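Inspection log for the structure reproduced underneath, given as structure tokens.
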Protein chains: 2
Amino acid sequence: MVSASLAGELNRARVLKTLYANGPLPRPELARLTGSTRATIGQIVTPLLDDGLLEELEPLASGVQGGKPARPLWFSDSGWPVGAMLVLPQGVKTAVVTAGGRVTAVTASSFPADVDADGVTRRVTAAMRKTMARAGVALHGIGIALGAMVDTEAGTVVRAGLAPVLDGLPLAQVVQADTGVPAYLDQDTRAQALGDLLFGAGRGESSFASVYVGAGIGAGFIFEGALHRGARGAGGEVGHAVVDRDGPLCRCGRRGCWEVLANRQALHAAAQAAGLPGAAGLDLSGLVALAPRDAAAARVLAGYTDSVALGIANLQQVLGVGLFILHGDPAGAGEPFRAAVEVAAREQAFAHPGGPTRVVLGTADDVATLRGAAALVLSKALHVAF
Amino acid sequence: MVSASLAGELNRARVLKTLYANGPLPRPELARLTGSTRATIGQIVTPLLDDGLLEELEPLASGVQGGKPARPLWFSDSGWPVGAMLVLPQGVKTAVVTAGGRVTAVTASSFPADVDADGVTRRVTAAMRKTMARAGVALHGIGIALGAMVDTEAGTVVRAGLAPVLDGLPLAQVVQADTGVPAYLDQDTRAQALGDLLFGAGRGESSFASVYVGAGIGAGFIFEGALHRGARGAGGEVGHAVVDRDGPLCRCGRRGCWEVLANRQALHAAAQAAGLPGAAGLDLSGLVALAPRDAAAARVLAGYTDSVALGIANLQQVLGVGLFILHGDPAGAGEPFRAAVEVAAREQAFAHPGGPTRVVLGTADDVATLRGAAALVLSKALHVAF
DNA sequence: ATAGTTTGTGAGACTCGCATACGAACTGAA
DNA sequence: TTCAGTTCGTATGCGAGTCTCACAAACTAT
């Protein structure tokens with residue numbers, strides 16, 4: 001039930017979401033955007049300023065008609081540090097992230113090829129302790145983004161296709177017990193979507209899909225400004241939606257999954273089958289560079305583009321989402337590839353009332369995901385339903 | 001922003017949702033389920049009882065320890081009548097539905113084959129006026145479910161694949177102007193999903209997909225107890241997600257859409273290709289009846305089952321939803337078909353933390369959709385975010 | 001200097017949920 | 001029949017939060 005105090009929490013969350021969506025804003029603008037009054041906004045932000053979460057920036061110049069200069073509010077660069085962690089089959093990255101999105105004290109460590117669950121937990125906790133020591137301040141929580149299917153409520157690993165040794169690991173509890181700081185676990189693509197919403201290309205957008213294309217394919221969905229989680233954290237396993245029921249066998253056991261047609265290995269195999277020069281070491285950006293002067297490379301690229309766009313068009317049909325943010329290999333492939341995917345996706349989808357499908361590039365590195373992992377903590381600790 | 005009065009609205013909505021999800025409940029039980037107190041519940045329901053939306057049922061028997069008998073609350077059978085309309089390419093159905101889900105004054109009228117947009121609007125408004133006259137009471141609003149892509153916010157038809165004459169028609173305004181009652185337009189499968197949530201197999205479920213399989217395939221999604229609408233009402237066009245990129249050509253111009261593999265015509269074509277007895281007039285329930293004593297029919301049925309299940313498994317991968325309610329042809333095909341689809345869907349999907357995929361049958365007639373259309377009005381007028 | 005404008009804050013009114021208490025209605029045993 | 005025990009439903013005062021209104025602070029232009 002919404003009591004007065006819960007209403008206060010909801011409104012505080014609304015103010016913070018508005019800040020994330022729009023950047024630094026003075027109180028009157030916050031009041032306008034939230035449909036509230038200056039007095040109420042002042043009442044809400046004063047404790048946040050006292051806590052050090054927010055701070056006042058330099059006063060803006062007065063308008064042509066004069067008036068007291070407005071002082072924009074924004075997240076303090078030093079306030080509210082939280083821990084962020086990205087756990088992938090090959091290794092772990094850790095960082096400290098402030099509520100404003102500043103990323104510091106980044107560490108990276110790799111797992112040996114034959115690592116077991118115990119080795120993973122040891123390396124993960126060691127990396128986090130190291131980052132905490134470098135940060136030197138108390139963290140408000142630790143967000144963990146994991147490249148596997150996750151039970152968000154329980155904080156456990158459900159199925160790690162690329163690293164089966166992790167199945168069933170209660171990673172959130174492990175980290176929380178080791179560090180003494182509350183830890184929250186979620187899927188990497190969902191964290192990535194949160195990162196896009198708060199700090200990336202999804203800022204100010206109400207609904208979009210944040211898609212990762214690399215060795216695997218995954219996605220996180222933002223609907224109406226909030227992260228979509230399926231039942232107990234399932235969902236977003238879009239890489240294993242079938243788009244070609246008689247297609248090649250996927251490692252998941254089904255045929256013609258989007259992932260098996262459009263992941264890095266598929267691109268590689270196509271390049272080698274076409275006998276492209278340097279196919280052994282060719283990645284997507286290399287192929288994009290090669291395509292203008294090699295017809296065979298252009299054909300391989302066009303096929304890959306269509307495969308990526310096919311999955312995007314399907315998502316648009318099913319979800320009605322109009323914006324797709326591409327991370328991973330496409331993020332480093334440049335504007336021509338983005339435009340080609342967008343055109344191909346538009347050709348394969350209907351006209352929608354929300355306007356034509358948009359495809360934009362995210363980041364190739366993992367900063368968006370680290371920031372998203374941090375956002376998991378912000379979401380819980382500030383009771384903001386991102 | 002959540003003011004005290006908006007908090008009151010939200011809590012009233014919460015109480016109504018709890019009633020819909022659980023059936024008639026006495027005040028103490030409502031308090032327990034909503035995490036509130038008897039006093040607060042009393043404060044909320046008293047005006048609803050005065051308005052005639054709710055009524056008190058016969059007192060329950062006291063418990064073994066005695067005590068004042070509790071009087072369950074439920075929606076009045078006479079109170080809060082709203083109009084419901086289902087507009088399909090072949091005709092229109094209208095009805096009056098109470099908040100408790102009682103459907104009365106049903107009318108049906110068919111469109112001639114060569115009908116134009118003007119003819120549709122005339123027949124639609126005439127049917128509604130007839131229903132209103134039969135109801136004899138003032139309606140609180142009219143909900144319109146349309147078998148086409150709609151722009152929910154604008155209340156217009158975006159793309160009616162099976163009836164292109166309707167493209168661009170502002171149906172909500174037309175009905176509202178003609179009847180003088182507020183009208184709300186949405187897609188038929190979304191209304192159907194609302195009907196399942198409030199009155200059908202989705203009662204008490206937080207997330208599910210309501211799927212229609214017939215001449216076309218569509219779906220509405222309930223996430224966390226609320227209807228999912230994409231950007232400006234798009235989304236749910238799942239029938240045209242590609243599951244076989246080299247498959248047969250669909251009427252939408254793409255190849256291998258789920259719909260072209262698993263709709264009524266596909267079943268029909270497969271039955272004729274297999275030379276089944278009476279293939280010309282064979283429908284799904286006929287095929288189910290024939291399969292046990294005809295191996296060829298069993299093969300056709302298995303192929304169709306797999307095609308239906310493939311799309312369901314894909315939805316589960318993408319959305320993480322664990323419950324699928326099948327309407328249309330499968331709803332009349334009986335338990336064996338349901339079980340076969342469920343088994344096939346489970347085989348094609350991963351284990352999810354939310355438990356195995358469940359497939360249940362909805363209604364073969366249009367009552368669920370008419371009730372859902374009525375729920376569109378309840379949602380708006382009572383400010384309940386269904 | 002002064003009027004006009006905008007920002008930020010303080011005081012009181014208002015609304016709603018919550019804790020508490022009390023009458024109403026029922027059971028079962030003395 | 002009486003009375004204690006239990007549960008239901010409501011009346012009352014309190015607290016938390018937003019909203020309205022008013023006012024000081026800070027700036028521009030005349």
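Numbers restart at 1 for each chain; the letters A, B, ... are given by sequence-line order, proteins then strands. Bear in mind the structure is a predicted one, so any value in this text is a computation, not a measurement.
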Starting at [atom1] of [X] and ending at [atom2] of [N], how long is that distance when rounded to a whole Å?
X	N	atom1	atom2	answer
K68(A)	dT7(C)	NZ	C1'	5 Å
M1(B)	dC16(C)	CE	P	17 Å
L60(B)	dG9(D)	CG	P	9 Å
L73(B)	dG9(D)	CG	C1'	11 Å
E9(B)	dT18(D)	CD	P	17 Å
I41(A)	dT9(C)	CD1	P	12 Å
L6(B)	dG17(C)	CG	P	11 Å
L30(B)	dG17(C)	CG	C1'	16 Å

Polar pair under 3.5 Å, donor/acceptor by atom type, side chain R27(A), base dG8(C): no

Touch class at under 4.0 angstrom, heavy-atom based, for [X] against every strand present:
X	result
I44(A)	sugar-phosphate
A70(B)	sugar-phosphate
T46(A)	nothing
A7(A)	nothing
S3(A)	sugar-phosphate

Starting at the 5' end of DNA chain C, which residue's closest nucleotide do you reach first, R12(B) or G67(A)? G67(A)

Residue whose nearest DNA chain C nucleotide is more 5′ - P26(A) or V64(B): P26(A)

Respond yes when some side-chain nitrogen or oxygen of [X] is under 4.0 Å from OP1 or OP2 of [N], and no when none is.
X	N	value
Q43(B)	dG17(C)	yes
N11(B)	dC16(C)	no
S36(A)	dC19(D)	yes
T40(B)	dC18(C)	yes
Q65(A)	dC27(D)	no

Will you find, in the side chains of [X] and [Y], an N or O donor that is under 3.5 Å from an N or O acceptor?
X	Y	answer
Q192(A)	S210(A)	yes
S5(B)	S3(B)	yes
T34(B)	S36(B)	no

Tell me whether [X] contacts the main-chain N or O of [Y] through its side chain, where contact means a donor paired with an acceptor under 3.5 Å.
X	Y	result
D151(A)	E153(A)	yes
R27(A)	I41(A)	no
T98(A)	R102(A)	yes

Taking the side chain of [X] as its heavy atoms from C-beta onward, which of [options] lies nearest to it?
X	options	value
P69(B)	dC18(C), dA25(C), dC21(D)	dA25(C)
S5(A)	dC16(C), dG9(D), dG17(D)	dG17(D)
S62(A)	dC27(D), dG17(C), dG17(D)	dC27(D)
R38(A)	dC18(C), dT7(C), dG23(C)	dT7(C)

Enter the inter-axis angle for the ends of the helix from dA1(C)-dT30(D) to dA30(C)-dT1(D) (five pairs per end, rounded to 10°). 10°

Please determine if R358(B) and E205(B) form a salt bridge, counting it only when a charged side-chain N lies under 4.0 Å from a carboxylate O. yes

Would you call D186(B)-R229(B) a salt bridge at under 4.0 Å N-O? yes

Applying ring-ring contact (aromatic ring centres under 6.0 Å, His included), run through F199(B) and Y20(B) and close with a yes or a no. CA-CA 7 Å; F199(B) 308 111; Y20(B) 277 121; 5.6 Å; yes

